Amino acid sequence: MKKVVVRFAPSPTGFLHIGGLRTALFNWLWARKNKGKFILRIEDTDQGRLVEGAVDNIKEALQWYGLDFDEGPILQSERLELYKKYADELLEKGSAYQCFCSAERLAEVRKVQEVNKQATKYDGLCRSLSKEDVTQKIKAGDSHVLRLKVPQDGSTSFDDLVYGKITVANANIDDQVLLKSDGWPTYHLANVVDDHDMAVTHVIRAEEWLPSTPKHIILYQMMDWPLPVFSHLPMVLGPDKTKLSKRHGAVAALEYKKLGYLPEAVLNFIALLGWNPKIEKEIFSIKELISEFDLSKVNKASAIFNIEKLDWMNGQYIKNLELDQLLNMSKNFLEIKKEDKLFFSKVVRLHQDRLKKIKEIVEIANHYLVASYKYDPKILVPKSGSPEETIIILGLIITKLKTVDQKDFDQDDRLKNIFEEFIQEKELTNKSVLWPLRVAITGLEKSPGVFEMMSALGKQKALQHLEEGLKKLQKG
RNA sequence: GGCGCCUUCGUCUAGCCUGGUCCAGGACACCACGCUUUCAAUGUGGUAACACGGGUUCAAAUCCCGUAGGCGCUACCA
């Protein structure tokens, strides 16, 4: 069995987005699964569309997600002679021809074809140019391109690993431009030449390339090169069912880093977009992804990128993190003063189960790491209670807590017992005591459990917050 | 316009090849209940889909034909 070679071949025209990331992931998974090679190739043959920093962004994104490549980045702009060489060979063989048609004429041809409800493609005018004509025009310095001489009858078909057998009548295939008038290759030439030159065995790319694959097949046939296996991936769409783009929100692969997602969670999520291992399991480690992944199980229909499920999945990953790992990751989002670290780690632990994104700990830190909370005193009063009653209860709580040892604060169970006894003794209800207690302790309507929070805070701080809460309520 | 591809709950999907076990299974979201001082986590339950029309067959989500809709391509972009 030949060694599996795959490549991820983006053009550096912007940041790596979610769709590109998924293409990279599927290539990478296939390479790792088959102990093959994963090449990063940069398709920069359109010099006019280059975006500065794009290659760095692609590299950085792949690195953050852990999709390491074995070779590259290989820049097509540095391989121009290679494409030229094969272009010459094609010309010599009579598989390609020079075309001198102007952009105006091409536009005109298209227009007529459209009116006549015909396929829009080059009409082949320059196919019939004699050698003398060509030589003469070139001598005169006429601008020209090289076109592929697509057979005019018959049909071209191939077996796509995902889509199955695809057949297109050659009459519907355009005489594709191979070399532009400035001598640079187009995608189609450079792509095929490189895939052959790099011994790529599996071409795994987005579905948008499906219609141009027959052209590539013809190119392979004319060069008498063995065909790679083609595997087109269904598109990733936005919630409005159009191609995922900036107006759909976060689409840059690295944006998810800033938002507080774990790379493994994002990878897990996008792996399931268009692929399913046919077992009722959703959370896969990278290792499991590699062993379970199968190109032939990829779906044909495009999938909508729905961030709600990603959020859930990210939450699952956060929940399963060791506290130290979580704390470590939080460093990317905020700086914690040395003296706050212990308390902060306790608070984070109490919030771990409810985090969807790491970034949310910024809010948590901002809220808890202050001397006093800011909140509307009204929230101290439980739904069934009154401010007057709550003031009395808070007073009782404070008196009681002053008698409790700091030692007892170390265990939330102990605190719980103390308060259970206290409530019984004073003939109060859980709600009327625990609600104002918790709100004063956390400064929040919704928060983790009050005893855990009290324990994290310690006696002194807890009392401080309670006294402040009481004061707030007394002031009205 | 031409060419190609696609179509199962709101979303991701299982089932389709090898028709019956599917009045269609799981997950997210949503709703209810349980736990409970609130929220979350968690447990239980619920709402919700075979695009449409014909055919083949004892039987069709599954096979065939057609229709509609969506998407992609249609550049000297990739």
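As the structure is a prediction and not an experimental result, all values here were calculated from the model. The chains referred to below are lettered A, B, ... by the order of the sequence lines, with proteins before strands, and numbering in each begins at 1.
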A.B. asks: From B/C5, B/C77, B/U11, pick the nucleotide closest to the side chain of A/T186?
C.D. replies: B/C77
A.B. asks: Figure out the OH/P separation between A/Y97 and B/C76, and round it to whole Å.
C.D. replies: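 After rounding, the gap between these two atoms is 11 Å.
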A.B. asks: Which nucleotide sits closest to the side chain of A/L434: B/C77, B/U37, B/A27?
C.D. replies: B/U37
A.B. asks: Return the nearest nucleotide to the side chain of A/N299; candidates are B/G26, B/U13, B/A78.
C.D. replies: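 Comparing B/G26, B/U13, B/A78 against the side chain of A/N299, the answer is B/U13.
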A.B. asks: Would you measure the distance from the C1' atom in B/C30 across to the matching atom in B/U11 and give it in whole Å?
C.D. replies: 12 Å
A.B. asks: Is it true that the side chains of A/D197 and A/Y86 contain a donor and an acceptor less than 3.5 Å apart?
C.D. replies: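 Note: A/D197 and A/Y86 side chains miss the donor-acceptor criterion.
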A.B. asks: Sticking with atom C1', work out how far B/U67 lies from B/C58, rounded to a whole angstrom.
C.D. replies: 29 Å
A.B. asks: Just by distance, with hydrogens left out, do A/T213 and A/H232 show a side-chain donor and acceptor under 3.5 Å apart?
C.D. replies: yes
A.B. asks: Between A/Y368 and A/H351, is the gap from one ring center to the other below 6.0 Å?
C.D. replies: yes
A.B. asks: Reckon A/W184 touches a base, only the sugar-phosphate, or nothing at all at heavy-atom distances under 4.0 Å?
C.D. replies: nothing
A.B. asks: Classify the side-chain pair A/T23/A/R205 by whether it contains a donor and acceptor separated by less than 3.5 Å.
C.D. replies: no
A.B. asks: Identify, between A/E114 and A/F305, the residue whose nearest nucleotide on RNA chain B lies closer to the 5' end.
C.D. replies: A/E114
A.B. asks: Please name the nucleotide paired to B/C63 by Watson-Crick or G-U wobble geometry with both distances under 3.5 Å, or report none.
C.D. replies: B/G55
A.B. asks: Calculate the interatomic distance between A/I18 atom CD1 and B/C12 atom C1'; express it in whole Å.
C.D. replies: 15 Å
A.B. asks: Any N or O donor-acceptor pair linking the side chain of A/K278 to the base of B/A14 at under 3.5 Å?
C.D. replies: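 Absent.
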A.B. asks: Go through B/A75, B/C5, B/C76 for me and flag the one nearest to the A/Y163 side chain.
C.D. replies: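 Of the options given, the side chain of A/Y163 lies nearest B/C5.
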A.B. asks: Among B/U37, B/C76, B/G26, which is the nearest nucleotide to the side chain of A/E280?
C.D. replies: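 Nearest to the side-chain atoms of A/E280, counting from C-beta on, is B/G26.
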A.B. asks: In whole Å, I'd like the distance from the NZ atom of A/K241 to the P atom of B/G69.
C.D. replies: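 From A/K241 NZ to B/G69 P: 14 Å.
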A.B. asks: Which whole-number value in Å describes the distance from A/L350 CG to B/A40 P?
C.D. replies: 16 Å
A.B. asks: How long is the line joining NZ of A/K319 and P of B/A40, in whole Å?
C.D. replies: 14 Å
A.B. asks: Within less than 4.0 Å of OP1 or OP2 of B/U37, is there a side-chain N or O belonging to A/W435?
C.D. replies: no
A.B. asks: Counting the benzene-type ring for Trp, do A/W209 and A/Y187 have ring centres under 6.0 Å apart?
C.D. replies: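 Yes; A/Y187 has its ring centre under 6.0 Å from that of A/W209.
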A.B. asks: Using atom P of each nucleotide, how far apart are B/G53 and B/A61 to the nearest Å?
C.D. replies: 13 Å
A.B. asks: By the 4.0 Å heavy-atom rule, please label A/Q176 as base, sugar-phosphate, or nothing.
C.D. replies: nothing
A.B. asks: Check every strand shown and say whether A/T45 touches a base, only sugar-phosphate, or nothing at a heavy-atom separation below 4.0 Å.
C.D. replies: sugar-phosphate
A.B. asks: So, does A/K180 get its side chain near the phosphate of B/A75, meaning an N or O under 4.0 Å from OP1 or OP2?
C.D. replies: no
A.B. asks: Which one, B/C28, B/G4, B/A78, comes nearest to the side chain of A/V168?
C.D. replies: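 Output: B/G4.
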A.B. asks: Measure centre to centre between the rings of A/Y261 and A/F269, then say whether the value is under 6.0 Å.
C.D. replies: no
A.B. asks: Looking at every strand, decide which applies to A/D311 at a 4.0 Å heavy-atom threshold: base, sugar-phosphate, or nothing.
C.D. replies: nothing
A.B. asks: Roughly how many Å apart are B/G19 and B/C63, using the C1' atom of each and rounding to a whole number?
C.D. replies: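 Comparing C1' positions in B/C63 and B/G19 gives a spacing of 8 Å.
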A.B. asks: Give one of base, sugar-phosphate or nothing for A/G449, where a contact means two heavy atoms less than 4.0 Å apart.
C.D. replies: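 The residue A/G449 makes base contact.
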A.B. asks: A/I166 CD1 to B/C3 C1': how many Å, rounded?
C.D. replies: 12 Å
A.B. asks: Considering Watson-Crick and G-U wobble pairs with both distances under 3.5 Å, what does B/C3 pair with?
C.D. replies: B/G72
A.B. asks: Separation of A/K281 atom NZ from B/C28 atom C1', in whole Å?
C.D. replies: 18 Å
A.B. asks: Using the P atom in both, what is the distance from B/C52 to B/A60, to the nearest Å?
C.D. replies: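 Roughly 15 Å separates the two P atoms.
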A.B. asks: Remember a base hit wins even if backbone is also touched, and classify A/E208 as base, sugar-phosphate or nothing at under 4.0 Å, heavy atoms.
C.D. replies: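 Sugar-phosphate contact only - A/E208 comes under 4.0 Å of backbone atoms but never of a base.
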A.B. asks: So what does A/K356 touch, heavy atoms closer than 4.0 Å: a base, only the sugar-phosphate, or nothing?
C.D. replies: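 Here A/K356 touches the backbone only, sparing every base.
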A.B. asks: With both distances under 3.5 angstrom, what nucleotide forms a Watson-Crick or G-U wobble pair with B/C30?
C.D. replies: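 Per the H-bond distance test, B/G46.
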A.B. asks: Choosing from B/C73, B/G2, B/U38, which nucleotide comes nearest the side chain of A/P211?
C.D. replies: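 Side chain of A/P211 sits closest to B/C73.
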A.B. asks: Taking only the P atom of each, what is the distance from B/U56 to B/G15 in whole angstrom?
C.D. replies: 29 Å
A.B. asks: Under a 3.5 Å threshold, yes or no: a donor from one side chain and an acceptor from the other, between A/T156 and A/N170?
C.D. replies: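 Looking only at side-chain atoms, A/N170 and A/T156 do form a donor-acceptor pair, the distance falling under 3.5 Å.
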A.B. asks: Sticking with atom P, work out how far B/G26 lies from B/C35, rounded to a whole angstrom.
C.D. replies: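 B/G26 and B/C35 have their P atoms separated by 25 Å.
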A.B. asks: So what does A/E43 touch, heavy atoms closer than 4.0 Å: a base, only the sugar-phosphate, or nothing?
C.D. replies: sugar-phosphate
A.B. asks: With a 4.0 Å cut-off on heavy atoms, is A/P448 in touch with a base, just the backbone sugar-phosphate, or nothing at all?
C.D. replies: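 Result for A/P448 = base.
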A.B. asks: Any chance you could lay out the salt bridge (Lys or Arg N to Asp or Glu O under 4.0 Å) test for A/K121 and A/D175, step after step, and finish with the verdict?
C.D. replies: CA-CA 7 Å; A/K121 50 174 262 192; A/D175 279 1; 5.7 Å; no
A.B. asks: Using the closest heavy atom to pick a nucleotide of RNA chain B for each, name whichever of A/K300 or A/Q113 lands nearer the 5' end.
C.D. replies: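 Per heavy-atom nearest nucleotide, the more 5' residue is A/Q113.
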A.B. asks: B/G25 and B/G70: how far apart are their P atoms, nearest whole angstrom?
C.D. replies: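 Comparing P positions in B/G25 and B/G70 gives a spacing of 30 Å.
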A.B. asks: Of the nucleotides B/C73, B/C76, B/G2, which has the atom closest to the A/V177 side chain?
C.D. replies: B/C76
A.B. asks: Taking OP1 and OP2 of B/A75, is either one under 4.0 Å from a side-chain nitrogen or oxygen of A/R110?
C.D. replies: yes
A.B. asks: Given B/G4, B/A78, B/C3, which nucleotide is nearest the side-chain atoms of A/N172?
C.D. replies: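 Side chain of A/N172 sits closest to B/C3.
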A.B. asks: Please pick, from B/G72, B/A78, B/G4, the nucleotide with the shortest atom-to-atom distance to any side-chain atom of A/M235.
C.D. replies: B/G72
A.B. asks: Can you check whether any acceptor in the base of B/G1 is under 3.5 Å from a donor in the side chain of A/T120, or vice versa?
C.D. replies: yes
A.B. asks: Throw together a table of side-chain donor-acceptor distances under 3.5 angstrom for residues 420-428 of chain A, partners on residues two or more places apart or in other chains.
C.D. replies:
none

A.B. asks: What is the distance, to the nearest angstrom, from the CZ atom on A/F419 to the C1' atom on B/U36?
C.D. replies: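 Those two atoms, CZ and C1', are 17 Å apart.
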A.B. asks: Is there a Watson-Crick or G-U wobble partner for B/C35 with both distances under 3.5 Å, and if so, which one is it?
C.D. replies: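 In the structure as shown, B/C35 has no Watson-Crick or wobble partner.
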